[in-house]
2 protein chains.
Amino acid sequence: MFLGEYEYKIDDKGRVPVPPKFRRELREGLVLALGPETCIVAYGLAEWKKMAETLTTGSLAPSKLRRLGRATFATAYSLNLDGQGRVALPITLREYARIEDELVVVGANTCFEMWNKELWVAERAAALEQAWQIIEGLERR
Amino acid sequence: MFLGEYEYKIDDKGRVPVPPKFRRELREGLVLALGPETCIVAYGLAEWKKMAETLTTGSLAPSKLRRLGRATFATAYSLNLDGQGRVALPITLREYARIEDELVVVGANTCFEMWNKELWVAERAAALEQAWQIIEGLERR
DNA sequence: GTATTCATATTCACCGAGGAACATTTACTC
DNA sequence: GAGTAAATGTTCCTCGGTGAATATGAATAC
């Protein structure tokens, strides 16, 4: 269960600390993938395998399924934490998420995300805004 | 589990390095076959046997099955990694996939693919494009 | 039948990059 | 203020990619 926001710097070798509370769940390794927004998504190994399973057993046409698989698996990386609880971000993912030197690690329950700080601030505001609207909508019933 | 993209050169003997993280799963050997697109597909031996099993136990008419078998098995090659973790690409497969000197090795979860670099760049873009569309489709519900 | 050449396959050697460990400093807690 | 834990910085060394060299075998010529 990944919760909370954590701000970190990237060192010159491209390594990022993983929040200490997240580390236990990542003992077996983690998978970094392209996020649906401009961010990196990180899964614990077990969670990722579940994901992959559901994806490949979907009811898509084979050719579409192959392409979806390529988009998913070719852009993902299986990694491990180092002794200090850091993970090295592949350059391709960094560029995709526009992460330079500062980033925010964001819990998302079953996975967590890594954001460029400015982008995250905007996304966070938008997300909260939308959340309040949804709650209001529920209360109006 | 094969993930990620890796770029390599082919040496003058037609050998390609296999990504180190892939090698463990290929100890027993690997099978190279024609890809569904313009690429080479590589399976670990165990995975290939599973594939072949499902193919031959399908509910096709015997004559069609024979031809499918020919197409599949005649064009496939069972190979081993050399001491340095390289594999020698058969010329027929190289020509089929239009691989000259640069190529990209691409993880596809249960197997991996080898692409001509330019072709892969295009395919990658198309695959991502399609993936975003699928996700959008899901979100519109 | 022997020798030579070509082709293929296997092994060796170098250099650079990546990974793992070590070390330091900062922040927080008791 | 001391102790602990985490963030940050650095070094070292192994591993892997690339090019070259050596062996093995087949084919042809003499």
Side-chain angles (χ1 to χ4, degrees), chain A residues 2-32 40 42 45 75-95 99-107 112-117 120, chain B residues 1-32 40 42 77-95 99-107 112-117 120:
Chain A
F2 303 109
L3 299 175
E5 280 178 59
Y6 306 87
E7 222 175 302
Y8 294 110
K9 284 187 211 168
I10 289 200
D11 68 16
D12 46 10
K13 292 185 101 174
R15 296 172 299 183
V16 181
V18 169
K21 292 186 175 178
F22 292 7
R23 290 175 192 171
R24 176 175 294 276
E25 294 189 49
L26 305 173
R27 284 275 165 75
E28 312 295 324
L30 75 166
V31 174
L32 299 183
I40 300 171
L45 195 60
T75 57
Y77 290 86
S78 171
L79 302 166
N80 281 292
L81 300 185
D82 71 7
Q84 278 64 30
R86 292 173 293 195
V87 64
L89 301 186
I91 325 96
T92 55
L93 295 183
R94 266 180 82 174
E95 288 173 352
I99 293 172
E100 308 263 333
D101 45 350
E102 285 189 323
L103 88 166
V104 185
V105 177
V106 182
F112 61 95
E113 300 178 341
M114 297 177 178
W115 285 80
N116 168 305
K117 192 180 166 187
W120 169 245
Chain B
M1 203 175 55
F2 303 107
L3 299 176
E5 280 178 61
Y6 306 86
E7 222 175 302
Y8 295 110
K9 284 187 209 168
I10 290 200
D11 67 15
D12 46 9
K13 286 164 188 153
R15 297 171 300 183
V16 181
V18 170
K21 292 186 174 177
F22 292 7
R23 290 177 193 172
R24 177 175 293 276
E25 295 189 47
L26 304 173
R27 283 275 164 75
E28 312 296 324
L30 75 166
V31 174
L32 298 183
I40 300 172
Y77 293 84
S78 171
L79 300 166
N80 280 292
L81 301 185
D82 71 8
Q84 277 64 33
R86 293 172 294 194
V87 63
L89 300 186
I91 324 95
T92 55
L93 295 183
R94 264 180 83 174
E95 288 173 352
I99 293 172
E100 308 263 332
D101 45 351
E102 285 190 322
L103 88 166
V104 185
V105 178
V106 181
F112 60 96
E113 299 177 340
M114 296 177 178
W115 286 79
N116 168 305
K117 193 181 165 187
W120 168 246

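Each chain gets a letter, A, B and so on, in the order the sequences are listed, and its residues count up from 1.
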Round to the nearest Å and state the distance from [X] atom [atom1] to [N] atom [atom2].
| X | N | atom1 | atom2 | result |
| --- | --- | --- | --- | --- |
| A:Arg15 | C:dA17 | CZ | P | 17 Å |
| B:Lys9 | D:dG16 | NZ | C1' | 15 Å |
| B:Tyr8 | D:dG16 | OH | C1' | 8 Å |
| B:Leu81 | C:dT10 | CG | P | 12 Å |
| A:Asp12 | D:dA7 | CG | P | 18 Å |
| B:Glu7 | C:dA17 | CD | C1' | 16 Å |
| B:Glu102 | D:dG17 | CD | P | 16 Å |

Query raised in the report: Do the ring planes of A:Phe22 and A:Phe112 sit parallel (below 30°), tilted (30 to 60°) or perpendicular (above 60°)?
Result: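 It falls in the tilted class, 30° to 60°.
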Query - Whether A:Tyr77 and B:Tyr6 hold their rings parallel, tilted or perpendicular, with breakpoints at 30° and 60° - result: perpendicular
**Report entry** Close side-chain approach of A:Ser78 to B:Met1, heavy-atom, < 4.5 Å
**Finding:**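 In short, these two side chains touch, coming nearer than 4.5 Å.
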**Report entry** Lys/Arg N to Asp/Glu carboxylate O, B:Lys9 vs B:Glu102, below 4.0 Å
**Finding:**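 No, B:Lys9 and B:Glu102 are not salt-bridged.
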Query raised in the report: Under 3.5 Å, is there a donor-acceptor pair between the side chain of B:Arg23 and the main chain of B:Val18?
Result: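 Yes, the answer is positive, given that a donor and an acceptor are paired below the 3.5 Å cut-off.
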Query raised in the report: By a strict heavy-atom criterion of less than 4.0 Å, which residues belonging to residues 82-92 of chain B are in contact with DNA chain C?
Result: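 Going residue by residue through residues 82-92 of chain B, the ones with a heavy atom under 4.0 Å of DNA chain C turn out to be B:Gln84, B:Arg86.
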Requested in this report: Check step by step if side chain to side chain donor-acceptor pair (under 3.5 Å) holds for A:Glu113 and A:Trp120.
Outcome: CA-CA 10 Å; A:Glu113 300 178 341; A:Trp120 169 245; over 6 Å; no
Query raised in the report: Which part of the nucleic acid does A:Arg23 contact within heavy-atom distance under 4.0 Å: base, sugar-phosphate only, or nothing?
Result: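 Sugar-phosphate contact only - A:Arg23 comes under 4.0 Å of backbone atoms but never of a base.
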Query raised in the report: Can you find a donor-acceptor N/O pair under 3.5 angstrom joining the side chain of A:Lys13 to the base of C:dG19?
Result: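 Counting by modelled atom types and ignoring angles, a donor-acceptor contact under 3.5 Å is found here.
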